[in-house]
Novice: 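Sharing a structure here in structure tokens format.
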Amino acid sequence: MKKTRRKDIATLIKPQVRRLAAYHIDETPCRIKLDAMENPFSLPTVVQRELAKAVNSASINRYPDPSAKKLTQAIAGFWGMKPANLILGNGSDELIQAILLAFGGPTLIPVPTFAMYEITSRALSQTVVTVPLDKNFDLDADLLLKKAKESKAKVIFLACPNNPTGNRFSDKAVRRILDRADAAVVLDEAYFSFSGKSYLSLLQNYPNMIVLRTLSKIGLAGLRIGVLAASPEIVAELNKIRLPYNINSLSQAAAVAVLKHRAIIERQISLLISERENLYNALAQMKGVTAYPSETNFILFRTAVDATTVYGKLKKAGILIKNLNKPGPLKNCLRVTIGTKEENKEFLKTVRNILDTD
Ligand code: PMP
């Protein structure tokens, strides 16, 4: 058969996608994994057995429950939400994509913030407008509102608390944006469990408000379950573009089994919060380190020496954290997820050694 000359296939891909850098995940095997805001604890054997039983009885020859009814009920009960206001996603990443598919752009985001708001917007060929956070990583509500108006932004993402900075934006600024913006305002409460503060109760007051949560940070990252709460109108529209069967049967069954054990989950969260305070105090006192207060399960810190070198030395010692070092507000910044007591101790000892010998 005669071979026809074909154009380089990559040139057919949208320029917006070709220009993107993939969300970077360092897959280096490590002894101590403190890079991805996972919960470091495993489940007690009894709960693991219940989970195995639930997974065993799932009919995997059938498609999953398309509206994940039992899991939606379980999550609604766990967090005091109304099932009619909820949509579940394959991680909240999928829900961010659904919001952007439904509303379109421009997307407005404070920076620095969670990378997927920008990556997904660009993948969908939408304009991204950025507003710098102030020196305390707080929002300038007036500047944000001005830019929202000028750009005719359709969606504003506010991670509350924010990743990677770890702080909550001032309540006054968030409410001002909710009050005045002519856009969907997404309050991403991925780290809600570690701050205890939520905007959920304001949902009835603001028809343009969307709340996101996730089960990833409280021990179920492997199941990929995100939660979106919004008005029934928004939920109805988003359901039109949600992929059918987006939550697989095993994840549905496993999450329902685990969520029955509220006390265990809450105990793990409070342990992590007290470990976070210990780790913050130790980092804050360390010479050559500036630590930023956190209401999440991670801590952002800045090193006086080159952070990429510190990151590399930690990795060599078998400890993986996240390197955020690049010119701008995150210059020489690193992010460490709260681990177990022993992991945090070893992390601190290793950082101390690295900084002492540098
Ligand atoms: N939102 C924020 C603010 C995050 O930090 C993350 C995870 N890094 C996510 C959403 C995505 O979480 P998941 O897709 O695991 O639910």
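Along the sequence shown, residues are numbered consecutively beginning with 1. Numbering of ligands and ligand atoms starts at 1, following listing order.
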Novice: I'd like to know if the side chain of Arg335 reaches the main chain of Gly166, judged simply by a donor and an acceptor atom lying under 3.5 Å from each other, with no hydrogens or angles considered.
Specialist: no
Novice: Checking Gln73 side chain against Pro83 main chain: does a donor-acceptor pair fall under 3.5 Å?
Specialist: no
Novice: Do Tyr292 and Phe301 make the cut of ring centroids closer than 6.0 angstrom?
Specialist: no
Novice: For atom 4 (C) of ligand 1, what is the nearest protein heavy atom, given as residue, atom name and distance?
Specialist: Tyr191 OH, 3.6 Å
Novice: Ion pair present between Asp188 and Arg213, side-chain N to carboxylate O less than 4.0 angstrom?
Specialist: no
Novice: Of the protein's non-hydrogen atoms, which lies at the shortest distance from atom 6 (C) of ligand 1, and what is that distance?
Specialist: Phe114 CZ, 3.5 Å
Novice: Going by heavy-atom distance to atom 8 (N) of ligand 1, choose the closest among Lys217, Met116, Lys322.
Specialist: Lys217
Novice: Identify, for atom 12 (O) of ligand 1, the protein heavy atom at the shortest distance, and state residue, atom and that distance.
Specialist: Ser92 OG, 3.2 Å
Novice: Nearest to atom 1 (N) of ligand 1, what protein heavy atom do you find, and at what distance?
Specialist: Asp188 OD2, 2.6 Å
Novice: Output the list of atoms in ligand 1 that are nearer than 4.0 Å to some heavy atom of Ser216, sorted by atom number.
Specialist: 13 (P), 15 (O), 16 (O)
Novice: Are Glu346 and Arg31 close enough for a salt bridge, meaning some N to O gap below 4.0 Å?
Specialist: yes
Novice: Flag yes if more than 12 heavy atoms outside Ile60 fall under 6.0 Å of its CD1 atom; otherwise flag no.
Specialist: no
Novice: Which residue pairs satisfy the side chain to side chain donor-acceptor pair (under 3.5 Å) criterion with at least one member in residues 145-159, sequence neighbours excluded?
Specialist: none
Novice: Counting each atom of ligand 1 from 1 as listed, which ones have a heavy atom of Asn163 under 4.0 Å away?
Specialist: 4 (C), 5 (O), 8 (N)
Novice: Take every heavy atom of Arg224, measure it against each atom of ligand 1, and state whether any distance is under 4.0 Å.
Specialist: yes
Novice: Need the ligand 1 atom indices (1-based, order shown) with element for anything under 4.0 Å from a heavy-atom of Gly91.
Specialist: 14 (O), 16 (O)
